[in-house]
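Side chains included, hydrogens not; waters and symmetry mates left out as well; all remaining heavy atoms used.
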Amino acid sequence: MFEVHGSVSPGFESVREVFEQHFQQHAEVGAAVCVYRHGRPVVDVWAGTADADTGRPWREDTLAVIYSATKSATAACAHLLAQRGELDLEAPVAHYWPEFAAAGKGRIPVRWLLSHQAGLPALDKTVTLQDVTSWDPVVSALAAQAPAWVPGSAHGYHGLTFGWLVGEVVRRVSGRSLGNFFAQEIAAPLGLDFWIGLPEAELPRVSRIVEPPAAAQQADVDLDAVPEELRELTAAYTDPTSLTMRALLPTGEPMDLNRADLRTAEIPAVNGICTARALARFYAALIGDVDGHRILDESTLATAVTEQASGLDRILHLPTRPALGFGLPPEGLPWRTPTSFGHAGHGGFLGYADPASGIAFGYVLNRLHTGSDPDHRVAGLVRAVRSAA
């Protein structure tokens with residue numbers, strides 16, 4: 001019998017109740033959720049099993065790989081440099097990274113890297129996992145890559161390349177890798193258990209990812225049997241040569257983020273590792289003061305969360321509203337408020353903040369949810385937070 005640990009402030013008991021229901025109704029394995037309001041924690045709970053293979057319990061300091069929820073931390077590094085006057089988001093990327101000007105990319109501004117408008121979601125060449133962990137081979141390939149569409153004319157999710165593109169700009173400007181810059185300038189002042197490039201000593205604290213059953217392979221999909229209005233979408237996600245699949249699987253195979261070498265490397269689009277508490281505290285410090293620290297001032301934050309594009313995403317084939325490294329809630333998403341911003345991660349992770357209510361939220365887990373059916377876990381938690389706040 002599992003037990004929910006942690007604390008909940010009066011008025012937020014429903015969040016704990018919904019969290020507990022996840023284990024009873026939605027086959028949660030291990031997870032944690034933390035909520036800050038006006039810079040103070042009001043929910044901080046955890047439960048379940050961190051490693052289903054060994055039975056290791058989920059503890060207060062258990063870490064999780066948060067997949068694309070990492071992008072918010074990567075973006076914050078660029079915005080912090082902009083706030084300090086060291087990076088101009090309107091300047092050409094090539095001003096900081098001269099090699100990037102190749103293949104007609106000389107006029108692409110830094111802003112388009114952050115808003116998924118640069119036309120560089122995928123590489124024409126398949127990279128290896130060794131390339132991914134080595135940084136320079138992928139960055140060099142991106143510098144030479146021609147855009148897949150006219151930059152600025154459309155937006156399409158740069159699922160993996162976002163981290164290398166923004167990370168290389170941060171490295172060129174600051175002289176530090178993205179992971180080191182984040183650790184020193186954001187995580188350390190706030191005391192965050194949050195890394196992009198995990199120290200080996202912290203590996204035993206990381207929860208083990210529980211993958212869902214393998215999805216149908218391309219050969220198993222009969223496109224003629226798919227409704228005509230869904231064929232393009234289906235083909236995008238089942239054809240390994242499609243731009244969508246090349247963007248989401250640049251190595252030609254899934255990256256197993258249970259691997260130690262992929263956890264200790266810096267892959268700033270997808271391998272941030274943190275606690276729910278750290279994720280919520282990070283967002284709390286974006287929108288206000290947390291124990292004397294704030295990451296971005298109001299003006300910089302306003303720029304960071306301004307909508308840059310909307311409509312159908314060229315990669316995801318879904319409507320999205322990218323800001324500058326953060327996502328804005330699409331129309332018809334009832335459990336998010338119009339003033340909120342954040343970033344989800346593959347499988348169910350979510351970090352977000354709502355300046356209007358002072359809420360900052362972090363949810364981490366180890367049993368990934370994939371597929372077309374909705375993931376009721378995060379939606380239920382956010383609804384409970386909204387009703388309490």
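Here the CZ atom belonging to F282 is positioned 5.0 Å from the CD1 atom belonging to I295, to the nearest 0.5 angstrom. Summarising the geometry, atom CG belonging to L81 is positioned 6.0 Å from atom OG belonging to S174; distances are rounded to the nearest 0.5 Å. With values rounded to the nearest 0.5 angstrom, R367 atom CZ is found 6.0 Å from E28 atom CD. How far NE2 of H343 is from CG of L328: 10.5 Å, rounded to the nearest 0.5 Å. For the atom pair CD (Q83) and CG (D297), the distance works out to 4.0 Å, reported to the nearest 0.5 Å. Separating the CD atom in E168 from the CZ atom in R171 is a distance of 4.0 Å, to the nearest 0.5 Å.
With hydrogens and angles ignored, the 3.5 Å screen pairs a side-chain donor or acceptor of R246 with a backbone N or O of L123. A side-chain donor-acceptor contact under 3.5 Å links T74 to the backbone of P268. Looking only at distances, no side-chain donor or acceptor of H369 sits under 3.5 Å from a matching main-chain atom of G348. No side-chain donor-acceptor contact under 3.5 Å links K125 to the backbone of Q145. In this structure, the side chain of E60 does not engage the main chain of G6 through any donor-acceptor pair within 3.5 Å. At least one donor-acceptor pair under 3.5 Å links the side chain of N271 to the backbone N or O of A265. Between the E266 side chain and the G179 main chain, a donor and an acceptor come within less than 3.5 Å of each other. Looking only at distances, a side-chain donor or acceptor of R321 sits under 3.5 Å from a matching main-chain atom of P329. Between the W164 side chain and the V138 main chain, no donor and acceptor come within less than 3.5 Å of each other. Of the possible polar contacts, none joining the H79 side chain to the L301 backbone as a donor-acceptor pair under 3.5 Å is found.
In this structure the side chain of F361 reaches within 4.5 angstrom of the side chain of V33, judged on heavy atoms. Contact annotation: the side chain of T49 never approaches that of R208 to less than 4.5 Å [non-hydrogen atoms, C-beta and beyond]. L368 places a side-chain heavy atom less than 4.5 Å from the side chain of F349. Residues P137 and V127 are not in side-chain contact: their nearest non-hydrogen atoms beyond the backbone lie 4.5 Å or more apart. The shortest distance between side-chain heavy atoms of I209 and N366 does not fall below 4.5 Å. Using a 4.5 Å cut-off on side-chain heavy atoms (C-beta onward), I186 and F194 make no contact. Counting heavy atoms from C-beta outward, E202 and R263 have side chains that stay 4.5 Å or more apart. By the 4.5 Å heavy-atom criterion applied to side chains, P147 and K105 are counted as neighbours.
Shown here is R84, whose CZ atom has more than 12 heavy atoms of other residues, nucleotides or ligands within 6.0 Å. Counting non-hydrogen atoms of neighbouring residues, nucleotides and ligands closer than 6.0 angstrom, the CD atom of Q184 exceeds 12 such neighbours. Around CZ of R205, the count of heavy atoms belonging to other residues, nucleotides or ligands within 6.0 Å exceeds 12.
Cluster annotation: L203 and V65 are assigned to the same hydrophobic cluster (Ile/Leu/Val/Met/Phe/Trp/Tyr, side-chain heavy-atom contacts under 4.5 Å, transitive). Hydrophobic clustering of Ile, Leu, Val, Met, Phe, Trp and Tyr side chains at less than 4.5 Å, counting indirect connections, keeps F23 apart from V210.
Side-chain atoms of T133 and D261 include no donor-acceptor pair closer than 3.5 Å. D131 and S134 share no side-chain donor-acceptor pair at under 3.5 Å. A donor-acceptor pair shorter than 3.5 Å can be found between the side chains of D239 and T241.
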- [ ] Give the C-alpha distance, both sets of side-chain angles, the deciding distance and a yes or no for side chain to side chain donor-acceptor pair (under 3.5 Å) between D354 and T337.
- [x] CA-CA 7 Å; D354 183 358; T337 62; 2.7 Å; yes
- [ ] Please lay out, stage by stage, how Q308 and W112 fare under the test side chain to side chain donor-acceptor pair (under 3.5 Å).
- [x] CA-CA 9 Å; Q308 302 296 306; W112 288 353; over 6 Å; no
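For D44 and R16, the salt-bridge test fails: no basic side-chain N is under 4.0 Å from an acidic carboxylate O.
As a member of the Ile/Leu/Val/Met/Phe/Trp/Tyr network built from side-chain separations under 4.5 Å, M245 groups with L249.
Here E211 pairs with nothing under the side chain to side chain donor-acceptor pair (under 3.5 Å) rule; sequence neighbours left out. A search for side chain to side chain donor-acceptor pair (under 3.5 Å) contacts involving H346 returns nothing, not counting sequence neighbours.
Taking the six-membered ring where tryptophan is involved, the planes of Y283 and F326 are perpendicular, since the angle between them exceeds 60° and thus also 30°. Taking the six-membered ring where the residue is Trp, H376 and H26 present parallel rings, their angle staying beneath 30° rather than reaching 60°. Ring pair F162/H116 is parallel by interplanar angle, where below 30° counts as parallel and above 60° as perpendicular.
Aromatic rings of Y363 and F19 (six-membered ring for Trp) have centroids beyond the 6.0 Å cut-off, not under it.
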